[in-house]
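Numbered from 1 within each chain, the chains take letters A, B, ... in sequence-line order. What you see below is based on every heavy atom in this structure, not just the backbone, and it leaves out hydrogens, waters and symmetry mates.
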Number of protein chains: 2
Amino acid sequence: MASTLMLLSPIGAAVALIYAYIVAQRVKQQPEGTEQMAKIAALIRRGADAYLKREYRGVTMVFAVVFAALMVLSYFGLMSIFIPLSFVTGGFFSGLAGFFGMRIATAANARTAWAAKNSLNGGLRLAFSAGSVMGFVVVGLGLLDVSIWYYFLEFYYRAMPEAERIVLISSLMLTFGMGASFMALFARVGGGIFTKAADVGADLVGKVEAGIPEDDPRNPAVIADNVGDNVGDVAGMGADLYESYMGARVSASAVGVSAGLGLGGFVLPMALAGFGMFCALFGTLLVKTKEGAGQKELLGSLRRGTYFSSVLVAIGAYFLVDLILGKGYLGIYIAILSGLLAGIGIGYFTEYYTDGSYKPTQNLAATSETGSATIIISGLALGMKSTAIPLLVVCASVLVSYLAAGGTQSFSLGLYGVAISAVGMLSTLAITLSTDAYGPVADNAGGIAEMAGLPEEVREHTDLLDALGNTTAATGKGFAIGSAALTALALIISFVDQVSLFEVNNGVQLLNLNITNPPLLIGLFIGTMLPFLFGSMAMEAVGRAAQSIVLEVRRQFREIAGIMEGTGEPDYEACVDLCTKSAQKEMVVPSLLGILSPVLTGLVLGVNGVAGLLAGSTASGFVLACMMANAGGAWDNAKKYIESGHHGGKGSDSHKAAVVGDTVGDPFKDTAGPSMNILIKLMSVVAIAFVNVIASYSLFF
Amino acid sequence: MASTLMLLSPIGAAVALIYAYIVAQRVKQQPEGTEQMAKIAALIRRGADAYLKREYRGVTMVFAVVFAALMVLSYFGLMSIFIPLSFVTGGFFSGLAGFFGMRIATAANARTAWAAKNSLNGGLRLAFSAGSVMGFVVVGLGLLDVSIWYYFLEFYYRAMPEAERIVLISSLMLTFGMGASFMALFARVGGGIFTKAADVGADLVGKVEAGIPEDDPRNPAVIADNVGDNVGDVAGMGADLYESYMGARVSASAVGVSAGLGLGGFVLPMALAGFGMFCALFGTLLVKTKEGAGQKELLGSLRRGTYFSSVLVAIGAYFLVDLILGKGYLGIYIAILSGLLAGIGIGYFTEYYTDGSYKPTQNLAATSETGSATIIISGLALGMKSTAIPLLVVCASVLVSYLAAGGTQSFSLGLYGVAISAVGMLSTLAITLSTDAYGPVADNAGGIAEMAGLPEEVREHTDLLDALGNTTAATGKGFAIGSAALTALALIISFVDQVSLFEVNNGVQLLNLNITNPPLLIGLFIGTMLPFLFGSMAMEAVGRAAQSIVLEVRRQFREIAGIMEGTGEPDYEACVDLCTKSAQKEMVVPSLLGILSPVLTGLVLGVNGVAGLLAGSTASGFVLACMMANAGGAWDNAKKYIESGHHGGKGSDSHKAAVVGDTVGDPFKDTAGPSMNILIKLMSVVAIAFVNVIASYSLFF
């Protein structure tokens, strides 16, 4: 039965990709609106292409180097040959998903604006359709990658007895998320730097120096700014969740096998993910709204889709567990449920802390009356405070999963519960991600409507769609953080399993995971600090990259005649290209920090030090990510709340103070915060890939 | 030999207290200067008395309640009767140290200003003398408290065989820091809220609303503001380090005994602390400077004292280890050295990141040119980045201590190395603390010189002394954080030891300190989050408390006739009293969070959850404390750097941006940051005190 249900994964992959293709075609058949709209959209598209071109050039180089290095290590027997190979496929598929996502998002923006002209529902459907292309491509390729490798390895090792084979395969596949992790580094960290550098750079010269409004086509950096929205929230978010999606499944499978559940333990996460794709598909079809709907109704229609998908998963998972593992595993089912609920819970509380319709953000807005210092202090305090509930939600989910799965009797079965709860959370990823990727499309649509001078009525529609996008962005961020933390936990458990395997194979005794064991404790301390260091690098990178944009925009104003008069055309692509280049340059040091830390810690402090490092960085990265995302989101929305007429409205001193808050929040929520998700998963997966190296060559321990 | 050298502790206590008494008398014999100076000083003194009165009223109530609760628990056999009793002595001695410290600091401020009138060296000597009264009182009472209890318990249990007795005594004394912890809560957390509420409150109404300058005697909150400096940096810092001093010694002693070193293991930390007092005394005598000295020379003279003391400890400790433990314990000596060096190292790097004469703060000042948002972002990034080196210094010290003490052969001996390195760091506490407490005296002296209109030349002297105080404050903060972290680590190790003891006594098996054990992992997550929540509460508390001061000052302006004309006298004491009251009210919730977290976590997640909680909060609290202290310090000094004529100087836009940074930094560096030190130690010591309760009544594990 297990091997039959494994088919849910490849079939799900095929259906998801076909669905995405159909939706994409439907989106592209819609009209792009007026000539000017088409022109602006084409500019953004060309900008996005410039981004992708430069991006893939950098990625290819890095992947080539890492691939070669991994091949050398595998040549010396320090890792399986499949690690370098899967590294390439993982990166390729993740990159492909980003490519399609960017393509469709930049194709849909003008079309959304035009559709919103006729009806709000039309706009919503179109933007959401574009988002769902991203959602289903990510899930489809994620399912495909794992399926291909699984069937290939099963065939490759067909001579081996099944019990042995599944142990080997699950352990091999553990690192198959590493390619996705590296791709996510580029997309999320590099993308985060890109998007804020473009934003800040455009504002600094355009608004401040040249005195032209935001989104003015005379600003050479304006297209980079618009491309940036897609780079951050489409490509970045997609790669982040692609990585979680990979990591959660392969680690849950591996933990299941090492818990002694055999093929069933391996298949359950894979089948659940495939099944979840179908649930998400049904949920997606429910997303529509009636004319004259307000923000509440719009949000309601998106929620309906997500909740419906979750209910379907909740029902179906029961039967999946029953069919795959047999009777007596109700606890595993409860673990899946708890993950699913935790995802929804985190999203809700993120919204509570960052949305202008709730007390926290409204109170924050009120502190703007006493100046920028007060709103900064209060925003930081809000961010710090807001970490408590999401963290407790994740903790509760871990506790419930562990206890329900029977952790007090069988430790490893309990850990399987923890690992599979991450898969439960991510099972409806296709629709969650659709909702996320909807945001930048709506945002760009609003921008195009403004630039193309569409009538007030259309702008009202696009504003409504855009405001909704801000809410879903906040929820999405919470979800991304929560799933990253759970995935990282599952990977840590897998790391320890791999060390045990090494111990058995090499007849050594290495593990002393006692929390008072000094190497582990030191690792924990270093791990706790790393997200701070990483975040600080990301924030400083934005400043430097923005500086390079400023110089470029100044150069264009100086050298290209007639830009300000509208007779000369600015070189938008040069700005995009420069942004990408600076972002790539700036991400080198933080990336190396993330990649080398587990290896260097391992070489000095041994496997126990690495375990401490991973646990510390996961906990601290999670808290810091929440803090930064929520403080940033709340500052942003406090500003919007003031702009909507409170505390003196636009142009008042309060508003000026709120703008300072928003500016501080930008690198928080769009660069440093989301980078934490990548850091914690990357470190875990690198540790797993290098487990033999660390275990063999550690200096002191 | 060990029991003879134990005498170093009571003798050291006596000498320290006598020395402090002599110095205090000498300080008091100095003239207070002009009539106006004496009047202002008397006002500050009366304010300080009002603070102390209100403070002790609150403290007495809380201590009575906690004492009663502990007595009930001890009645039911859940803890030793000595825990409630020592709770009272610990709190009493810490409070007494704060009382003497505040008294001497407020007696010395005008005298320092007057002495600086004649010679720079005179001012330095006097302010430093006042500081050293605090330093030696803290160390003297700290040594006395432990000595009294040790000899009492030895007498009480005299019928017991020595080996058994020392196990019992060391385990009993472990919680003897709890009283000091509670007192530190009031002094450091409450004091932190007090000092910033008074500062902000005074500025908001005085400077902003009434338009009178800072330090203007017409402002009813001005005395509260001046008292606040002493509350924070004298009483708060003193109580913080008193707690570390207690915690480090008793935990090192307990770990030494459980490592099987018997009486010698117990005595070494105690004797080392007593011996260190003498070294600090010699160092203190070296602190003087020549006329016409600049800031560098002044700093040099303070450093000379500290370094000389450290060298003396480094030499003497070798013989102490040899005499007490016998041959073959060179590693323990190295552990002591590494702690000593780590303390100096952290201080140095803190200074590097926060002092205006180094690159980081200068670069930060430069970012003020693009406005307040940029200087906030850069300051936060600086703070985050600056956590790396201090943390690595502590980690290196732990690693060296563990390895040198032979941790790879004997785990428990290695842990003794870690624990005793904390004592090594704190061995020269008397002089380190003298240097810290010097700061607020010099600061107040400058204020009095300004208010009393002393000639320019005197003010130049007091400015120099004050600037030096800012540097030593930064160094002192780093030292306090580092020693708190090491002390907390030692306490965590002791907590685990106590659980083992419980296991043996009750024939149960509870410990599973494996870092992947879900209850422990959850505890770790919660522990990582708590400092964020605690810090956010502290920051919000400052805002609310300041608001109450604003209302009071407004009321006085309205109701007391002639304040603004200088004919009516404002009611300064009412402001001080209100500040104290609000601070006490505001510290209730965060304090309960710190006290209840380990107990509640223990009841839900068991002893392993608590171990995770303590490790997580220690790591995260350490990092957050560094970040907040350093960001705050750097903002403060960036402002001063600009005021000294860079980037447009005082009144420029850069300066305005820097003021915003400084305002954000205030609650960071003076309230939330230092509170972390208390939180992490308090949680550990509460966990130890409640070990029987947790181990007996845990719900799930």
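- No other option in A:Leu605, A:Val398, A:Thr370, A:Thr374 has as many heavy-atom pairs under 4.5 Å with chain B as A:Val398.
- Interface check for chain A: of the options B:Ser372, B:Ala373, B:Pro518, the most heavy-atom pairs under 4.5 Å are formed by B:Pro518.
- Listed by first and then second residue, the side-chain hydrogen bond (donor to acceptor under 3.5 Å, both in side chains) pairs that reach into residues 609-621 of chain A come to none, sequence neighbours excluded.
- With a 4.5 angstrom heavy-atom cutoff, B:Met627 touches chain A only via side-chain atoms.
- We find the CG-CG distance between A:Asn512 and B:Leu513 to be 9.5 Å, quoted to the nearest 0.5 Å.
- When every heavy atom of A:Ala381 is checked against every heavy atom of B:Met539, the shortest pair comes out as N-CE, 4.1 Å.
- With respect to chain A, the highest number of heavy-atom pairs below 4.5 Å among B:Thr367, B:Leu380, B:Ile493 belongs to B:Leu380.
- B:Leu511 does not touch chain A: none of its heavy atoms, backbone or side chain, sits under 4.5 Å away.
- To the nearest 0.5 Å, atom CD1 of residue A:Ile515 and atom CG of residue B:Asn517 are 10.0 Å apart.
- Contacts of residues 663-672 of chain B with chain A at a heavy-atom distance below 4.5 Å involve B:Thr663, B:Val664, B:Pro667, B:Phe668, listed in sequence order.
- Inter-residue side-chain proximity for A:Cys626 and B:Phe532 is flagged as unmet; no heavy-atom pair is nearer than 4.5 Å.
- Proximity to chain A is absent for every atom of B:Leu204, based on heavy atoms less than 4.5 angstrom apart.
- Note: B:Ile522 leads B:Ile522, B:Thr528, B:Leu520 in heavy-atom pairs under 4.5 Å with chain A.
- Ranking A:Pro531, A:Gly612, A:Ser536 against chain B, the residue ahead of the rest is A:Ser536, based on heavy-atom pairs under 4.5 Å.
- Sorted by first then second residue, the side-chain hydrogen bond (donor to acceptor under 3.5 Å, both in side chains) pairs that include residues 405-419 of chain A, not counting sequence neighbours, number zero.
- Of the atoms belonging to B:Val496, it is side-chain heavy atoms, and not backbone ones, that fall under 4.5 Å from chain A.
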Please list, one pair per line, the donor and acceptor atoms closer than 3.5 Å that link side chains of residues 386-396 of chain B to other protein atoms, with sequence neighbours excluded.
residue, atom, partner, partner atom, Å
B:Ser386, OG, B:Leu382, O, 3.4
B:Ser386, OG, B:Gly383, O, 2.8
B:Ser386, OG, B:Asn630, ND2, 2.9
B:Thr387, OG1, B:Met384, O, 2.8

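- Chosen from A:Val660, A:Ile492, A:Val659, the residue pairing most often with chain B at heavy-atom distances under 4.5 Å is A:Val660.
- Highest contact tally toward chain B, considering only A:Leu530, A:Leu399, A:Ile377, is held by A:Ile377 [criterion: heavy-atom pairs under 4.5 Å].
- Rounding to the nearest 0.5 angstrom, the gap separating the CD1 atom in B:Ile376 from the CD1 atom in A:Ile376 is 5.0 Å.
- Contact tally against chain B (heavy-atom pairs below 4.5 Å) for A:Pro519, A:Ala615, A:Gly616: the top residue is A:Ala615.
- The closest side-chain heavy-atom distance from B:Leu521 to A:Tyr402 is not below 4.5 Å.
- For A:Phe622, the part sitting under 4.5 Å from any heavy atom of chain B is the side chain, from C-beta outward, and nothing else.
- For the set A:Val418, A:Ile526, A:Asn608, the entry with the most heavy-atom pairs within less than 4.5 Å of chain B is A:Ile526.
- One distance of note links CG of B:Leu614 with OG1 of A:Thr516; it measures 11.5 Å at 0.5 Å rounding.
- Contact check for B:Phe525 versus A:Leu489: side-chain heavy atoms found under the 4.5 Å cut-off.
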